[in-house]
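Notes follow the structure.
Values in this document were obtained by computation on a predicted structure and should not be read as measured data. By convention in this document, chain letters (A, B, ...) are assigned in the order of the sequence lines, proteins followed by strands, and residues within each chain are numbered from 1.
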Amino acid sequence: MSSEHVDEISGVTTTGHEWDGIKELNNPLPRWWVTAFYITIAWALAYTIAYPAWPMLSFATKGILGFSSRNEVKNEMAAAEAGKAKYVAAIQSKTVSEIAADDALREFAVAAGGAAFKVNCVQCHGSGAQGSTDFPNLNDDDWLWSGKTEQIQQTITHGIRFAPDADTRQSEMPAFADVLKPEQVAQVSAFVASLSGPVRDKNLIEPGTRVFADNCAACHGENAKGNRDLGAPDLTDAIWLHGSGEAAIASQVRAPKNGVMPAWVDRLGETTVKELAVYVHSLGGGE
Amino acid sequence: MVETGGVIRRDLEIVVLDQAQVERLEAEAVNSAKTRQPLYAARKKIFPKRASGRFRRFKWLVMAITLGIYYLTPWLRWDRGPFAPDQAVLVDLANRRFYFFFIEIWPQEFYYVAGLLMMAGVGLFLVTSTVGRAWCGYTCPQTVWVDLFLVVERAIEGDRNARMKLDAAPWSARKLFLRMTKHAIWLVIAVATGGAWIFYFADASKLLGEVVTGTAAPVAYATIAVLTGTTYVFGGLMREQVCTYMCPWPRIQAAMLDENSLTVTYNDWRGEPRSRHAKKALAAGLPAGDCVDCNACVAVCPMGIDIRDGQQLECITCALCIDACDSVMDKLGRERGLISYATLADYNANMAMATSGGTGPVNPALVRTPSGSFAYGLAHFHLGKIFRLRTYIYLGAWSAIGLVLVYSLVTRERLELNVLHDRNPQFVTLSDGSIRNGYTVKLLNMIPEPRTIEVTLDGLDGGEMSTVGIDPPPSRSFSIAVEPDRLKTLKIFVRQPADQIRKPAQSFEFRIADKASSETAEYTATFNAPEISR
Ligand code: SF4
Ligand code: SF4
């Protein structure tokens with residue numbers, strides 16, 4: 001600023017800056033404002049000393065308070081775990097049916113099991129546990145291996161046809177393409193389909209009955225109601241794991257699909273398996 | 001300086017004033033028009049003198065009432081039975097409930113609070129457009145607490161002159177002692193203020209015990225600390241600066257006032273030309289107004305301003321200058337109201353009269369009759385003036401909101417039902433071919449008493465409900481106990497036989513009823529089935 005210019009009207013010096021004839025008065029700032037301004041600067045400095053801030057070449061200053069957001073997360077997770085501890089302990093010490101009978105515990109187990117389900121089970125069973133062709137729907141009341149909580153727990157723990165686990169649920173439907181003639185396959189398929197719905201050619205039912213009695217009744221039972229000890233499905237109901245209708249049935253008779261479910265206990269631990277069992281049981285089909 | 005009465009000449013007639021004792025005070029407005037400082041300068045200290053008079057008395061009363069409400073409300077009890085707190089006013093953040101005497105508000109009923117805030121907003125318009133900044137002058141917490149802090153200051157350090165002397169005096173044991181005492185008492189008040197606040201958020205007596213024994217939640221202490229800080233700093237140290245620099249309301253008010261709003265006004269038309277030597281002026285045949293330039297009005301002003309400079313941003317309309325001037329006028333034997341609540345319209349009319357329509361300087365003789373009383377045609381205030389269309393519109397809007405709130409409060413439901421239809425899966429086919437849909441049903445028992453709620457399925461031929469965690473077999477109706485003042489979440493499965501399914505989406509009703517109070521609620525839900533059903 002070359003010369004001190006004083007504004008005539010206000011009697012205040014100007015900063016010397018001028019825009020289209022408009023000049024800026026050089027009024028002093030209020031003292032409280034300036035003080036507050038300096039305090040904020042001091043605060044900011046102190047803050048960068050207390051907390052991680054200054055970037056160096058290969059690291060950043062840690063701050064003398066030792067704060068880190070990673071630790072915060074760790075602490076929060078620990079606090080969350082601690083909050084759950086009471087329920088987890090109870091779940092560990094109780095059987096699944098005891099858990100399902102206790103309102104508070106069941107609520108907790110359903111929530112926890114639901115979360116575990118979303119991570120581990122939805123890949124096959126679907127996000128709503130509704131399954132799809134070849135993958136069972138866990139919402140319905142049709143169970144291959146029983147819908148009792150303890151039994152569901154057993155299935156999740158050891159899996160189905162899962163070779164590495166000695167206690168896995170074991171059964172296998174043989175391929176009848178080698179045993180039965182094509183017309184026998186058509187006959188038995190028509191008979192099985194007729195148990196739950198109409199068929200195209202009623203004349204096939206009668207011979208099919210005999211084919212069934214000779215070849216299938218051993219596992220599926222005389223009345224085709226299935227056998228849960230063998231994981232043999234009920235063939236009289238409306239639910240078809242590998243598809244409904246004569247064609248799908250015939251295909252399954254000739255070259256059956258035998259689905260595999262892994263054993264989960266090693267991976268998830270006993271507690272989570274229990275929670276999963278209670279969750280699946282709560283989906284509406286539990287027995 | 002003391003003036004011992006005087007003679008004032010008024011055109012044809014001479015008035016001899018009483019032997020009035022009017023003390024002349026050394027006081028200058030911090031923003032005096034003569035030496036108006038820019039806003040950006042070091043604060044000038046203000047030492048408000050004690051005022052007395054009707055407005056001061058009214059302010060004491062308002063202060064007692066507002067402070068009383070603030071400090072005592074959390075201690076009021078209200079019996080709500082064994083299942084709800086008995087504190088009359090309680091904001092229960094943990095359980096998300098707000099209790100106000102007989103009213104209990106759930107979070108989803110927050111619109112009541114929104115409604116109250118709207119009423120407060122419109123109410124503020126109403127008040128400001130009629131009686132100006134009455135909020136600022138009487139009820140604003142800043143005003144009330146500053147007033148309270150000034151009471152302490154006066155009690156410890158004395159009135160204006162003593163305080164000014166003390167302030168100018170060098171530090172001494174006495175000054176130190178007085179200052180420390182004052183600040184200590186201020187801090188006690190500040191702590192009590194912060195302390196009272198937290199009692200609105202928890203059971204007051206229990207929390208008091210916890211606070212005293214050091215077992216209360218850290219947030220309680222933090223709240224007390226913050227409010228102690230703000231009370232002490234705003235009420236004790238910053239005072240008028242909060243109103244002038246920090247508060248937006250003084251700026252907003254300018255948009256709400258009009259020429260028919262009341263403001264504290266110095267009536268130039270009878271006060272000017274002011275003179276400390278009215279006798280001499282009159283003897284010399286010059287006009288002399290009622291103002292004797294005693295500065296009493298400036299000395300009492302908590303904002304440190306001179307109302308004679310006209311209406312200004314800083315004036316909170318506390319009316320203490322009215323009291324100060326009225327007592328001066330009493331001593332002089334003149335009419336009160338040289339400083340008074342007046343509307344701009346009246347003021348302008350009277351100014352026009354006193355200045356012969358603005359053609360000359362103020363001549364107070366023009367507003368007086370020869371006998372010395374006010375001239376006919378002088379505008380005086382009466383209540384009708386502030387009631388105008390605008391006022392009625394505000395009043396109408398304000399009461400309309402209030403009525404709507406009261407109506408909805410009286411008729412609101414205390415038993416509610418919310419239903420969420422499962423989307424994934426939308427339906428499940430069961431082994432017998434029937435179709436099942438799942439619903440998350442929430443029963444809201446919004447009274448602090450346990451209830452037995454009957455849940456019924458209405459419509460949906462052949463449909464039956466079953467519930468996770470409840471044993472009874474599937475049925476079209478069941479009863480369930482709901483805890484007082486709680487929400488009960490049920491997972492309800494509804495199942496319909498295959499041969500009764502008519503279309504992919506059917507509507508039906510969930511109904512709930514409390515047999516005891518015959519309150520009911522219902523929800524229309526949808527039942528989904530596959531397109532081609534067997
Ligand atoms: S000018 Fe008068 S009304 Fe305004 S703040 Fe000062 S004392 Fe109060
Ligand atoms: S307006 Fe009243 S109080 Fe103020 S200086 Fe004049 S006479 Fe005194």
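- Summarising the local packing, CD of B:Glu483 is surrounded by 12 or fewer heavy atoms from other residues, nucleotides or ligands at distances under 6.0 Å.
- Scanning both residues, B:Val428 and A:Asn139, for their nearest heavy atoms gives CG2-CB, 3.3 Å.
- Other residues, nucleotides and ligands place no more than 12 heavy atoms under 6.0 Å from the CD atom of A:Glu222.
- Surrounding CZ of B:Phe493 are more than 12 heavy atoms belonging to other residues, nucleotides or ligands, all under 6.0 Å away.
- Proximity to chain B is limited to the backbone of A:Leu283, based on heavy atoms less than 4.5 angstrom apart.
- Within 6.0 Å of CD in A:Glu107 there are 12 or fewer heavy atoms belonging to other residues, nucleotides or ligands.
- Put simply, the side chain of A:Trp33 does not reach to within 4.5 Å of the side chain of B:Tyr245, judged on heavy atoms.
- When every heavy atom of A:Gly128 is checked against every heavy atom of B:Asn424, the shortest pair comes out as N-ND2, 3.1 Å.
- Of all the heavy atoms in B:Ser431 and A:Asp142, the pair that sits closest is CB-CB, 4.3 Å.
- Of all non-hydrogen atoms in B:Arg436 and A:Gly285, the two that sit nearest each other are NH1-N, 3.7 Å.
- Environment of CZ in A:Phe37: sparse, with no more than 12 heavy atoms of neighbouring residues, nucleotides or ligands closer than 6.0 Å.
- No more than 12 heavy atoms of other residues, nucleotides or ligands shown are found within 6.0 angstrom of CZ on B:Arg96.
- Residue B:Arg495 touches chain A through its side chain alone, counting heavy-atom pairs closer than 4.5 Å.
- Note that CG of A:Asp140 and CD1 of B:Ile435 are 10.5 Å apart. Values are rounded to the nearest 0.5 Å.
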